[in-house]
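Sequence lines set the chain letters: A, B, ... in the order given, protein chains first and strands last, and positions in each chain run from 1.
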Number of protein chains: 2
Amino acid sequence: MWTLSTSTGSGYHHGDLRAALLDSALALLDTEGPGELSLRAVARHAGVSPNAPYRHYRDKEALLAALAARGFTELGERLAAVAPGDAPDAEVIAMACAAVDYALDHPGVYRLMFGQACSSHPDTIAASDAAIAIVAERIAAIAEPERREPLRIGIWALVHGLSTLLLDERLGTPTRAEADALVETVVRTMLGTGPDVSAPGRWGAP
Amino acid sequence: MWTLSTSTGSGYHHGDLRAALLDSALALLDTEGPGELSLRAVARHAGVSPNAPYRHYRDKEALLAALAARGFTELGERLAAVAPGDAPDAEVIAMACAAVDYALDHPGVYRLMFGQACSSHPDTIAASDAAIAIVAERIAAIAEPERREPLRIGIWALVHGLSTLLLDERLGTPTRAEADALVETVVRTMLGTGPDVSAPGRWGAP
DNA sequence: GCATCGATGTGTACGATGCCCACATTGAAG
DNA sequence: CTTCAATGTGGGCATCGTACACATCGATGC
């Protein structure tokens with residue numbers, strides 16, 4: 001009894017509560033937002049007592065940080081999976097779309113990853129750095145040295161900002177394809193690599 | 001007695017609790033982060049009972065939304081105050097720096113403004129739209145029509161992303177001047193208007 | 001086989017919070 | 001001076017995070 005979730009253990013002991021708690025938290029996060037997520041609710045969803053989580057995570061923040069870290073890892077995998085295209089523009093845009101798609105797929109986790117609930121936790125920071133490193137690697141293979149750092153920061157910031165705007169529905173409620181198209185347009189425009197590269201200057205005619 | 005904060009009223013009645021609560025919340029926000037901010041603590045700081053705020057704000061979210069709205073208004077004023085420079089680049093960079101400076105000046109309020117605690121509240125959205133409109137206006141005066149929308153979205157997203165990264169100290173702990181310089185570099189690089197506009201291509205030599 | 005022990009889960013408890021209710025106080029209008 | 005609506009107070013409830021003591025179990029040594 002009591003097993004609402006995946007319990008490999010038998011009755012009293014759960015088997016792998018550590019992971020099960022993350023799964024439960026994930027399930028609840030994508031339903032409601034973080035901040036509304038209570039540790040007790042996670043425990044309930046996992047079918048254990050309110051205090052069981054404390055055997056695996058120091059406190060609520062640690063659990064959230066673990067979840068955020070998992071999120072950064074998955075985001076990193078998606079980023080690493082974009083084909084090293086021939087055109088630098090296409091590669092950057094593909095990575096931007098991958099990140100935005102991840103945010104749209106997991107709004108709760110994404111907000112957690114970039115929210116303030118666990119942003120200062122070492123686990124979150126480490127996982128975040130790993131994901132950024134993947135972007136930095138790609139940028140380094142594309143851009144000349146002096147531009148690498150600003151581009152890395154700028155692209156990361158731009159993509160995060162776009163994801164936030166989309167999640168908060170501040171850019172309407174586009175479909176996935178529409179969102180990707182929007183991301184492409186914005187990235188191209190910002191980087192000055194518009195559809196017609198021979199556009200009349202950066203800002204337009206005077 | 002009981003008057004820890006600006007109380008224009010006499011004893012029982014406060015005078016202007018509505019505004020005083022915002023001030024108290026602001027003071028507490030810049031100390032601790034939002035999410036840690038409790039309505040009761042705000043009431044305590046204002047020197048009233050825990051339930052007094054409910055006479056002026058429907059619930060906690062409404063108070064936070066009012067504070068966020070005030071933040072967007074001030075941010076908008078700063079944005080509107082940047083001199084309509086001769087060079088479009090300089091103007092955009094000045095606005096970007098103004099926004100980032102605001103974030104650094106009021107970390108708590110900034111996180112509130114873009115956090116999920118009250119992002120869906122109508123007051124927050126209205127004030128946010130007003131601030132964005134100011135940016136849109138400037139962009140419209142600078143860029144050609146087809147690029148206005150992507151530029152507005154992209155610049156807003158980029159600046160917000162930069163602010164977030166800076167607030168979370170993910171870009172080190174620069175001084176104000178260093179932060180502004182960083183913003184300028186990143187914006188210039190992203191927009192392709194580097195110090196030497198005749199740089200060898202967007203990404204560098206192949 | 002069986003006792004033992006560390007790891008893991010439970011139960012109880014405390015302070016704090018958001019918010020609902022009924023009540024108290026007040027300044028201003030009649 | 002009375003009355004009333006606006007405003008602030010106090011008590012109460014469900015929930016939360018988490019500290020403490022206790023219960024239960026699987027592996028380990030004999």
Side-chain angles (χ1 to χ4, degrees), chain A residues 1-25 28-29 31-67 112 115-118 121, chain B residues 1-25 28-29 31-67 112 115-118 121:
Chain A
M1 57 86 159
W2 261 123
T3 56
L4 293 177
S5 158
T6 44
S7 70
T8 62
S10 52
Y12 200 97
H13 283 74
H14 185 282
D16 192 5
L17 225 196
R18 186 174 203 96
L21 286 172
L22 285 188
D23 291 339
S24 293
L28 293 178
L29 253 192
T31 300
E32 6 169 4
E36 278 77 14
L37 179 65
S38 86
L39 197 51
R40 292 172 106 105
V42 174
R44 273 193 299 270
H45 186 275
V48 294
S49 87
N51 291 329
Y54 286 94
R55 296 292 162 189
H56 300 276
Y57 300 96
R58 190 206 319 276
D59 53 15
K60 183 181 181 181
E61 186 186 4
L63 202 180
L64 295 181
L67 196 51
L112 179 67
Q116 67 276 15
C118 61
H121 194 288
Chain B
M1 58 84 161
W2 261 122
T3 56
L4 292 177
S5 159
T6 43
S7 70
T8 62
S10 52
Y12 200 96
H13 283 72
H14 185 282
D16 191 5
L17 225 196
R18 186 176 202 94
L21 286 172
L22 284 189
D23 291 338
S24 294
L28 294 178
L29 253 193
T31 301
E32 4 167 7
E36 278 76 14
L37 179 66
S38 85
L39 198 50
R40 292 170 106 106
V42 174
R44 273 193 299 268
H45 186 274
V48 294
S49 85
N51 291 327
Y54 287 95
R55 294 291 159 190
H56 302 275
Y57 300 97
R58 190 209 315 275
D59 52 16
K60 184 182 181 182
E61 186 186 6
L63 203 180
L64 295 180
L67 196 51
L112 179 66
Q116 66 276 14
C118 60
H121 194 286

Whole Å only: how far is the [atom1] atom of [X] from the [atom2] atom of [N]?
| X | N | atom1 | atom2 | answer |
| --- | --- | --- | --- | --- |
| Glu36(A) | dG17(D) | CD | P | 12 Å |
| Leu37(A) | dG17(D) | CG | C1' | 13 Å |
| Tyr57(A) | dG9(C) | OH | P | 11 Å |
| Tyr54(B) | dT7(D) | OH | P | 18 Å |
| Asp16(A) | dG26(D) | CG | C1' | 16 Å |
| Lys60(A) | dT15(D) | NZ | P | 15 Å |
| Asp59(B) | dC20(C) | CG | P | 8 Å |
| Leu28(B) | dA16(C) | CG | P | 16 Å |

Please determine, for the side chain of [X], which listed nucleotide ([options]) has the closest atom?
| X | options | value |
| --- | --- | --- |
| Ala52(B) | dG8(D), dC16(D), dG18(C) | dG8(D) |
| Leu39(A) | dG17(D), dG9(C), dC19(C) | dG17(D) |
| Arg55(A) | dT7(D), dC19(C), dG9(C) | dG9(C) |

Give me the distances for all protein-to-nucleotides 11-14 of chain D N/O pairs that come in under 3.5 Å?
residue, atom, partner, partner atom, Å
dG11(D), O6, Asn51(B), ND2, 2.6

What closest approach, in Å, do [X] and [Y] show between heavy atoms, and which atom pair accounts for it?
| X | Y | result |
| --- | --- | --- |
| Ser24(B) | Val42(B) | CB-O, 3.8 Å |
| Leu17(B) | His56(B) | CB-NE2, 3.6 Å |
| Ser49(A) | Ala43(A) | O-CB, 3.5 Å |

List the residues meeting side-chain contact (heavy atoms from CB on, under 4.5 Å) with [X], not counting sequence neighbours, and say none if there are none.
| X | value |
| --- | --- |
| Ala41(B) | Leu28(B), Ser38(B), Arg44(B) |
| Tyr57(A) | Arg18(A), Leu21(A), Leu22(A), Ala62(A), Leu63(A), Ala66(A) |
| Ala117(B) | Leu64(B), Leu112(B) |

Touch class at under 4.0 angstrom, heavy-atom based, for Ser38(A) against every strand present: sugar-phosphate

Value rounded to 0.5 Å, distance of NE2 in His45(B) from OG1 in Thr31(B):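 Interatomic distance, His45(B) NE2 to Thr31(B) OG1, rounded to 0.5 Å: 7.5 Å.
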
Phosphate contact (dA6(D) OP1 or OP2) by His56(B) side-chain N/O below 4.0 Å: no

OP1 or OP2 of dT10(C) under 4.0 Å from side-chain N/O of Arg44(A): no

